[in-house]
Number of protein chains: 4
Amino acid sequence: MSTKPIRNRRLPAEARRAQIVQAVLRVVSEHGVPSATVARIAAAAGVSEGTLYVYFSSREDMLRAALDAIFGDISDLIDSTEGLSAIERLTVTARRHSELAKTEGGGFVTPWVEFIAGGPQVGLREAVAETQNKAFEKMLSIVKQGQSDGTIRTDLDARRLTWQWYTIMWAENVSYLMGLSEYIDAGHSGYSLDLLLRDATGAPPSGA
Amino acid sequence: MSTKPIRNRRLPAEARRAQIVQAVLRVVSEHGVPSATVARIAAAAGVSEGTLYVYFSSREDMLRAALDAIFGDISDLIDSTEGLSAIERLTVTARRHSELAKTEGGGFVTPWVEFIAGGPQVGLREAVAETQNKAFEKMLSIVKQGQSDGTIRTDLDARRLTWQWYTIMWAENVSYLMGLSEYIDAGHSGYSLDLLLRDATGAPPSGA
Amino acid sequence: MSTKPIRNRRLPAEARRAQIVQAVLRVVSEHGVPSATVARIAAAAGVSEGTLYVYFSSREDMLRAALDAIFGDISDLIDSTEGLSAIERLTVTARRHSELAKTEGGGFVTPWVEFIAGGPQVGLREAVAETQNKAFEKMLSIVKQGQSDGTIRTDLDARRLTWQWYTIMWAENVSYLMGLSEYIDAGHSGYSLDLLLRDATGAPPSGA
Amino acid sequence: MSTKPIRNRRLPAEARRAQIVQAVLRVVSEHGVPSATVARIAAAAGVSEGTLYVYFSSREDMLRAALDAIFGDISDLIDSTEGLSAIERLTVTARRHSELAKTEGGGFVTPWVEFIAGGPQVGLREAVAETQNKAFEKMLSIVKQGQSDGTIRTDLDARRLTWQWYTIMWAENVSYLMGLSEYIDAGHSGYSLDLLLRDATGAPPSGA
DNA sequence: AATGAATGAGTATTCATTCAT
DNA sequence: TATGAATGAATACTCATTCAT
């Protein structure tokens, strides 16, 4: 009797929350955090503004939930490389990050960068830092795994190596943020990663 | 006999402008660019909002002036290493940058990071990118000087090397931004820089 | 059980819109278009400024809606003479216009004059001209009807005659605008109209 | 010693006032009354904003002085027809008014129209009405002169005839204001004036 | 007499949040 | 549960006016 969109009534709470979170991510990707207004989020989610406040206590709450979703995606990306060696996991994860940043939509990378950029103004900086920390710990465990199975030099500080790895990711993000895509396209980060991993494995420098 | 401003009345135009620019930098450091409202800037400068518009045509104009002031500080920092060798200049400039980031207030580093992170969202993308480019070119000329006097390998892409150097600075900045100062304090960037410069000079890796 | 608005809450959208439009007309009558600020309109409508923007996208939008309402009233006035002869319609419409201008509030005449006088200055020039043109065409069709049924000389330019008719209305409006109601009260426009219609019908001048 | 513009110092008070009034007229012609800001007036007059307040107590005062200057120009125009017959004076004055309105700059007509349009918002409406009244009386004396020397029918109400004459001027102004220059260019007001003067002199209608 | 730095009240508009329905 | 009408505080910006120099 009805092909017209069924009214939004009665959706399982968890499904509705997820639907809203996805809308937040889309809006943040497209407009940035400061311009992710509740009006836009409501429109993107296909619900009224009032409904948002049934599932979230505030706009900040919605943004935080989106941040958590991003961490979930990051976790999934990292977990998807399970089975590979530590060095391979570092390489593959970095490559996928670069690819994702360059694709339309940008997967979780685009909203992630927008959160780093736009976080401070809405009191989200701490939440962003916390998410970053969790992601850091996840990569750290891979490095440590590499050290214990002997593929990564054990005389290196694992936290430092992880930090170096993130350094390259962040540099891509910052370049993206400043519109300096020239540096991303030039593949500079590939060279940096290569340099880093050679040092980590004890392989001879590429110039030798 | 007294230099303290008894009342805000009658200040030479240039002094007032400078005072306002300093206020902008303080507000940006503390609240980020998107939350650097004219009300906050006026309060920080100790003048009325109307007065801001006597000296600047718009909020964007104020922010741009602050950006220029930052570039002046960056230039001064780089210029202060004149007379040293290229490698020394890269090393010293990076060290001073780290030190500055750790001091109370953070010198120009804190507002600079905020501009990179929050600028694009408020229509300052071009201005931020331009300033970054000018700073980039300044370091690039040092790298090229090193190549021409033989202290840096000539088979390396000078722009890539400069980008790598900035990568380390940005990583410090991002760490600082997220309150991850642990990584700055640990001196990780020193190690990264060392790795980078070994590669650049053709020196053997430290582990050999 | 009570139709009086106990509180401003929950009014059907269309009713609220109409309420605001009426407030705009009142404010424009009293203060003129340039001084019809959103603050004054909100106060006159008994709603918050924010509410205005729920129903209108901008102040200009509100003013335009008020202009449309005026045209509606003009149309109604003209349409109410349907069934009469062309000459009678010109006479009766003019008389009702004069009467309206003299009543407390001034009906649509007062805001209409303010729009003509003050509209152009606030970017409403086109909207005002368009409304005037629509009103012009409405009277023009009456003149043409008079020409085709033979009650108005066909050797006269219909547009010119219509313009002359409006000229008399505008003169009343300008007099009203400048507080020179003496000239309205004296019925001068009746004499002018008589002169005009004698010329239009080919009747001998009154002095003959 | 100096070809550079001599400083504005020490000008006879009356000359400076006149200089400012001319600036006001220019600014009003170009921008309209609401946009005739003291900043613009000061710039047009080549003096500082503060100086304006040495010679005038307020912006309204400046505008009123400009209004008086316009009345002076109107008086001059009317006086320049002295020696002619009353009918000629009415005809010539109206023609010059039309011509003036169409020329670049617009003489006194442009600012005069702007004052009628923009007056209300700055509490100038009364002053505008007063000026209009003075101009009315001046034309009225010509009509009366015409009646006493027998060139204008004495059975007509002199005030009404004067009002009819102004009706035509106002209609031109209103058309100008609404951008309906088509009606000015078509020479409709010439026809109306002709009709009016035929009635005033007792001449047969043009159609006879 | 002349200046121009400084102000504060006022402008239109946006938006997260509330709450009666 | 879901709505959307209503709000008020905040936003950047304008401008007539004052007053120490």
Side-chain angles (χ1 to χ4, degrees), chain A residues 7-13 16 34-42 47-62 122, chain B residues 7-13 15-17 34-42 46-62 122, chain C residues 7-13 15-16 34-35 37-42 46-62 122, chain D residues 7-13 16 34-42 47-62 122:
Chain A
R7 283 229 164 258
N8 254 330
R9 312 243 154 190
R10 305 293 132 111
L11 209 72
R16 172 97 346 144
S35 293
T37 64
V38 293
R40 273 201 252 259
I41 293 168
V47 299
S48 74
E49 298 183 38
T51 302
L52 298 179
Y53 286 86
V54 175
Y55 295 93
F56 300 90
S57 65
S58 68
R59 174 174 173 267
E60 198 177 322
D61 193 21
M62 299 171 212
V122 276
Chain B
R7 273 185 179 264
N8 243 336
R9 308 235 154 199
R10 302 280 119 186
L11 211 68
R16 183 69 81 192
R17 244 191 97 93
S35 293
T37 64
V38 293
R40 276 200 251 260
I41 292 169
V47 298
S48 73
E49 295 186 34
T51 299
L52 299 180
Y53 286 87
V54 173
Y55 296 93
F56 300 91
S57 63
S58 67
R59 170 173 174 270
E60 201 176 316
D61 193 22
M62 300 170 211
V122 277
Chain C
R7 274 192 177 260
N8 243 336
R9 307 238 153 198
R10 300 282 117 185
L11 211 69
R16 182 68 82 192
S35 292
T37 65
V38 292
R40 276 199 252 259
I41 293 169
V47 299
S48 73
E49 296 185 33
T51 300
L52 298 180
Y53 286 88
V54 173
Y55 295 92
F56 299 91
S57 63
S58 66
R59 170 175 173 269
E60 201 176 317
D61 194 21
M62 300 170 211
V122 279
Chain D
R7 284 229 160 256
N8 252 332
R9 310 243 157 192
R10 305 295 134 109
L11 210 70
R16 174 92 351 138
S35 294
T37 64
V38 294
R40 272 201 252 260
I41 293 168
V47 300
S48 73
E49 297 183 38
T51 301
L52 297 180
Y53 285 86
V54 174
Y55 295 93
F56 299 91
S57 65
S58 68
R59 173 174 173 268
E60 199 177 321
D61 193 20
M62 298 170 215
V122 277

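Quick note on labels: first sequence line is chain A, next is B, and so on, each numbered from 1. These values consider heavy atoms only, across backbone and side chains, with no hydrogens, waters or symmetry-generated copies. The model shown is predicted, which means the values in this text are computed figures rather than measured ones.
Across the protein-nucleic acid pair, Phe56(C) atom CZ and dT13(E) atom P stand 13 Å apart, rounded to whole Å. Between Ile41(B) atom CD1 and dA10(F) atom P the separation is 17 Å, expressed in whole Å. Rounded to an integer number of Å, the gap from Glu49(D) CD to dA6(E) P is 14 Å. Look at CE on Met62(A): it is 14 Å from P on dC15(E), rounded to the nearest Å. For the pair Tyr53(C) OH and dA12(E) P, the computed distance is 7 Å after rounding to whole Å. Between the C1' atom of dA16(F) and the CZ atom of Arg59(D) lies a distance of 8 Å, rounded to the nearest Å. Remark: P of dT17(F) and CD of Glu60(D) are 8 Å apart, rounded to the nearest angstrom. Per the geometry, OH belonging to Tyr55(C) stands 5 Å off C1' belonging to dA5(F), to the nearest Å.
Tyr53(B) and Val38(B) make their closest contact through OH-CG1, 3.6 Å (heavy atoms, listed as atom of the first residue, atom of the second, distance). Nearest heavy atoms, Arg40(A) versus Ser35(A): NE-O, 2.9 Å.
Toward the 5′ end of DNA chain F lies the nearest nucleotide of Ala13(C), the other residue of the pair Ala13(C) and Ser58(B) mapping further downstream. The nearest heavy atom of DNA chain E to Thr51(D) and to Pro12(B) marks one nucleotide each, and the one closer to the 5' end goes with Thr51(D). Taking for each of Arg40(C) and Leu52(B) the nucleotide of DNA chain E with the nearest heavy atom, the 5'-most of the two is the partner of Leu52(B).
Rounding to the nearest 0.5 angstrom, the gap separating the CG atom in Leu52(B) from the CZ atom in Arg59(B) is 11.5 Å. Interatomic distance, CG of Leu11(B) versus CZ of Arg17(B), reported as 13.5 Å (0.5 Å rounding).
Proximity of Arg16(D) to the phosphate of dA2(E): a side-chain N or O atom is located under 4.0 Å from OP1 or OP2.
With a 3.5 Å limit on both pairing distances and Watson-Crick or G-U wobble geometry required, the stems of 3 or more pairs in DNA chain F span E:2-21 with F:2-21.
Distances from the side chain of Thr37(D) to the nucleotides dA2(E), dC15(F), dT17(E) place dC15(F) closest.
Judged as a side chain to side chain donor-acceptor pair (under 3.5 Å), and not counting sequence neighbours, the contacts of Ser48(B) are Thr51(B). Residues passing the side chain to side chain contact (heavy atoms under 4.5 Å, CB included) test with Ala13(C) are Tyr55(C), sequence neighbours excluded.
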- When you look at Ile41(B) and Glu49(B), which way does the side chain to side chain contact (heavy atoms under 4.5 Å, CB included) test go after all the steps? CA-CA 8 Å; Ile41(B) 292 169; Glu49(B) 295 186 34; over 6 Å; no

